[in-house]
Amino acid sequence: MALVVYNSLSRKKEVFTPINPPYVGMYVCGPTVSGESHLGHARPYITFDVVYRYLLHLGYKVRYVRNITDAGHFEEEGREAEDKISKKAQLERMEPMELVHKYTSLFHWAFRKFNTLEPSIEPTATGHIIEQISMIEDLIKKGYAYEVNGSVYFDVAKYAEGHDYGKLSGRVIEDLLETTRTLESQEEKKNKADFALWKAAPPKHIMRWKSPWGEGFPGWHIECSAMSTKYLGSYFDIHGGGMDLLFPHHESEIAQSTICNSHAPVKYWIHNNMITINGRKMGKSYNNVIRLTELFSGNHPLLTKAYSPMVIRFFILQTHYRSVLDFSNEALEGSEKGLRRLFEAFEILNSLPGGENREGTAKELDTKINSTLDELPTFLDDDFNTAKVLAAMFEIVPTINSLKEKIIPVDALSSKTIERLKNDFHVYLEEILGLKNEWEVTGAFKGVMNLLASIRKDARSKKDYYTSDKIRKELAELGIDMKDEKDGNVSWGLR
RNA sequence: GGUGUUGUAGCCAAAAGGUUCAGGCGCAGCUCUGCAAAAGCUGUUAUAUCGGUUCGAAUCCGAUCAACACCUCCA
């Protein structure tokens, strides 16, 4: 079966065929580093991390570009044009670049914890002012952009004469041009639908660059066009981002690039859906933002406890990326328990003897396990259905646990199947879904714990329940649980 | 007002015209057990409402209601 992806442009699932195999170019809109990342930001970067990992798994040579928006966009024409980043910097008495650096570091820190792979290139907007300026010059030369008072705008009406502006987002160009909204500083534009490519910087504006039109700063959409073209070429495979970027951001990107390169820039547009909280999108205006630092620490009124990055990752992957994911404390608690159950089974699996070429005694079960494993790649091929992959793995968990409890005889499965289970769990859980066992303990700590476990075992066999209970009770207070197995052995684990 | 999406059991959530079924969490019962925990088994079995198409619909069509998103910085 071939990989099929949902293309926002055609609104259909399409077979994924790279433009230039085995190479795949993927661009994902990265964070604006004017503030701390929140739970909502986790979704696209985790979603596209899995896309990246799966493409690599399939053997593609992927160049994954994810930008850092550090130029500080003006807040659009509605409000007074201003630089978000420099405004915040004044409040915090920081240099804009200092602020940008702080939040970039924080972003990297959080997403390392989420176990996302680093992109191949992580270009910054401020590092590509020259590319953006030359793209704007090209647009002016071709007659699709015009300068007014040191600002440059894209002429949407002109573009719409020969192209379909609104194709990606389902907008109707007439509606966009006829919108009755009156916005400030609109008088510079020929049409209300026009968008800024370059904005003249007001005197107090700190972030500013020289340009053919005077000092100013780039418009919002041009950076992604400039950087994606530079690093992936004028026509590349995948462009990803949140659904909220469909319009106007991605629509405008298409328009700019189409004029500069004489053809559309992207083959497959992939958009992830939003995370809602109590049915509402997370956003500053709703006052319901949970920052990642608050999530990891549990320090937030909506949270009863801290949640680890892996639990969040698992929580996100339990839902298909194009569905809305509704957040609640209860749902996260469920995810935490589920993830733990999965990894405990994986640990048990790894301790099962494989080795010698043994036939399984339970043929039917053996076949069933193998056919479940056969399905895993088909789920991912179907537009990255991580939810189904996880569900299928959960279906195998009772079998693994039963093998350990000897409810099912150890030789029920063939050694080949056991080896395959070990391998597939590793590949799907760790390599593709990027999940990690956070409760795993190694080194001296592990040795000490095993020693305590064996002391408890001895004590129990002598019916010295004072000692055995003391060990269990005091470890429990430290957050370590001891469990007695059927065979008299004692196992343990971090809570 | 325009555009689009969604409505699945206590909660999260998958699937999408047809046999048994998603899956996770929770809850209940049983088994195991020095106690406990875990585990296993069983149960909790749903498709917003009203019509229509069909031999058959959660799935297709229409209407209604509700919610959400985008149209403005936003993942």
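Below, chain A is the first sequence line, B the second, and so on; all start at residue 1. We use all heavy atoms of the structure for the numbers below, so side chains are in, but hydrogens, waters and symmetry mates are not.
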How close or far is atom [atom2] of [N] from atom [atom1] of [X], stated in whole angstroms?
X	N	atom1	atom2	result
Leu429(A)	G24(B)	CG	C1'	14 Å
Asp383(A)	A15(B)	CG	C1'	14 Å
Lys368(A)	U20(B)	NZ	C1'	11 Å
Glu251(A)	U3(B)	CD	P	16 Å
Leu245(A)	C71(B)	CG	C1'	14 Å
Arg460(A)	C35(B)	CZ	P	10 Å
Asp326(A)	A75(B)	CG	P	19 Å
Leu339(A)	C25(B)	CG	P	11 Å

Is [X] touching bases, backbone alone, or none of the nucleic acid, heavy atoms closer than 4.0 Å?
X	value
His320(A)	sugar-phosphate
Leu332(A)	nothing
Thr47(A)	nothing
Asp469(A)	base
Arg291(A)	nothing
Phe394(A)	sugar-phosphate
Ala391(A)	base

Count the heavy atoms of every other residue, nucleotide or ligand shown that sit under 6.0 Å from CD of Glu485(A), and state whether that count exceeds 12.
->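 Buried by this count: over 12 neighbours within 6.0 Å.
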More than 12 heavy atoms of other residues, nucleotides or ligands under 6.0 Å from CD of Glu477(A): is that the case?
-> yes
Decide salt bridge (Lys or Arg N to Asp or Glu O under 4.0 Å) for Asp458(A) and Lys462(A); before the verdict, give the C-alpha distance in whole Å, the side-chain angles of both, and the deciding distance to 0.1 Å.
-> CA-CA 6 Å; Asp458(A) 291 346; Lys462(A) 284 182 257 170; 6.0 Å; no
Strand-adjacent residues in residues 106-123 of chain A, judged by heavy atoms under 4.0 Å from RNA chain B |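 Residues of residues 106-123 of chain A that come under 4.0 Å of RNA chain B do not exist, since none gets that close.
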Spacing of the [atom1] atoms in [M] and [N] (rounded, Å):
N	M	atom1	result
G62(B)	G7(B)	P	16 Å
A37(B)	A75(B)	C1'	41 Å
A57(B)	A15(B)	C1'	14 Å
U49(B)	A67(B)	C1'	15 Å
A36(B)	C30(B)	P	13 Å
A28(B)	G10(B)	C1'	13 Å
C21(B)	A9(B)	C1'	15 Å
U3(B)	G43(B)	C1'	46 Å

Minimum-distance nucleotide to [X] side chain [options: [options]]:
X	options	value
Arg11(A)	A75(B), C11(B), G4(B)	G4(B)
Leu325(A)	A75(B), A13(B), C71(B)	A13(B)
Tyr465(A)	G23(B), A75(B), G34(B)	G34(B)
Ile275(A)	A75(B), C35(B), G4(B)	A75(B)

Distance-only donor-acceptor test, Arg456(A) side-chain atoms vs G34(B) base atoms, 3.5 Å =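 Yes, the side chain and the base share a sub-3.5 Å donor-acceptor pair.
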Indicate, yes or no, whether a donor-acceptor pair under 3.5 Å links the base of C25(B) to the side chain of Arg340(A).
->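 Looking at the base of C25(B), it does not pair with any donor or acceptor on the side chain of Arg340(A) (distance under 3.5 Å).
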G-U wobble or Watson-Crick pairing nucleotide for [N] (cut-off 3.5 Å, both distances):
N	result
G56(B)	none
G4(B)	C68(B)
U44(B)	G26(B)
C21(B)	none
A37(B)	none
G62(B)	C50(B)

Between atom OG1 of Thr386(A) and atom NE2 of His320(A), what is the distance when rounded to the nearest 0.5 Å?
->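 Taking OG1 in Thr386(A) and NE2 in His320(A), the distance rounds to 7.5 Å.
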Relative to the 5' end of RNA chain B, which residue comes earlier, Leu39(A) or Glu333(A), by the nucleotide with the nearest heavy atom?
-> Glu333(A)
Please tell me which of Ser323(A) and Arg472(A) maps to the more 5' nucleotide of RNA chain B, matching each residue to the nucleotide holding its nearest heavy atom.
-> Ser323(A)
Anything under 30° is parallel, anything over 60° is perpendicular, the rest tilted; go ahead and classify Tyr159(A) against His163(A).
->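 Judged by the thresholds at 30° and 60°, the geometry between Tyr159(A) and His163(A) is parallel.
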Check the side chains of [Y] and [X] for a donor-acceptor pair under 3.5 angstrom, ignoring hydrogens and angles.
X	Y	value
Asp366(A)	Asn370(A)	yes
Tyr165(A)	Ser252(A)	yes
Glu395(A)	Thr372(A)	no

Proximity of Tyr45(A) and Tyr52(A) rings by center, below 6.0 Å | no
Could you check Leu39(A), Asn329(A), Ile290(A) and say which one makes a side-chain contact (heavy atoms from CB on, under 4.5 Å) with Tyr307(A)?
->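 When side-chain contact (heavy atoms from CB on, under 4.5 Å) is applied between Tyr307(A) and each of Leu39(A), Asn329(A), Ile290(A), only Asn329(A) qualifies.
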Sugar-phosphate means primed atoms, P, OP1 and OP2; the rest is base. With that split, encode nucleotides 37-43 of chain B 5' to 3' as B, S or - using protein heavy atoms under 4.0 Å.
-> BSSS---
Within 45 degrees of the axis of the six-membered ring of Phe48(A) and under 6.0 Å from its centre: does Arg66(A) put its NZ or CZ there?
->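 Arg66(A) over Phe48(A) ring: no.
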Starting from the C-alpha separation in whole Å, work towards a yes-or-no answer on salt bridge (Lys or Arg N to Asp or Glu O under 4.0 Å) for Lys337(A) and Glu333(A).
-> CA-CA 7 Å; Lys337(A) 290 192 178 142; Glu333(A) 257 179 36; 5.1 Å; no
Give a yes or no answer on whether the side chain of His108(A) reaches the backbone of Ser105(A) with a donor-acceptor pair at less than 3.5 Å.
-> no
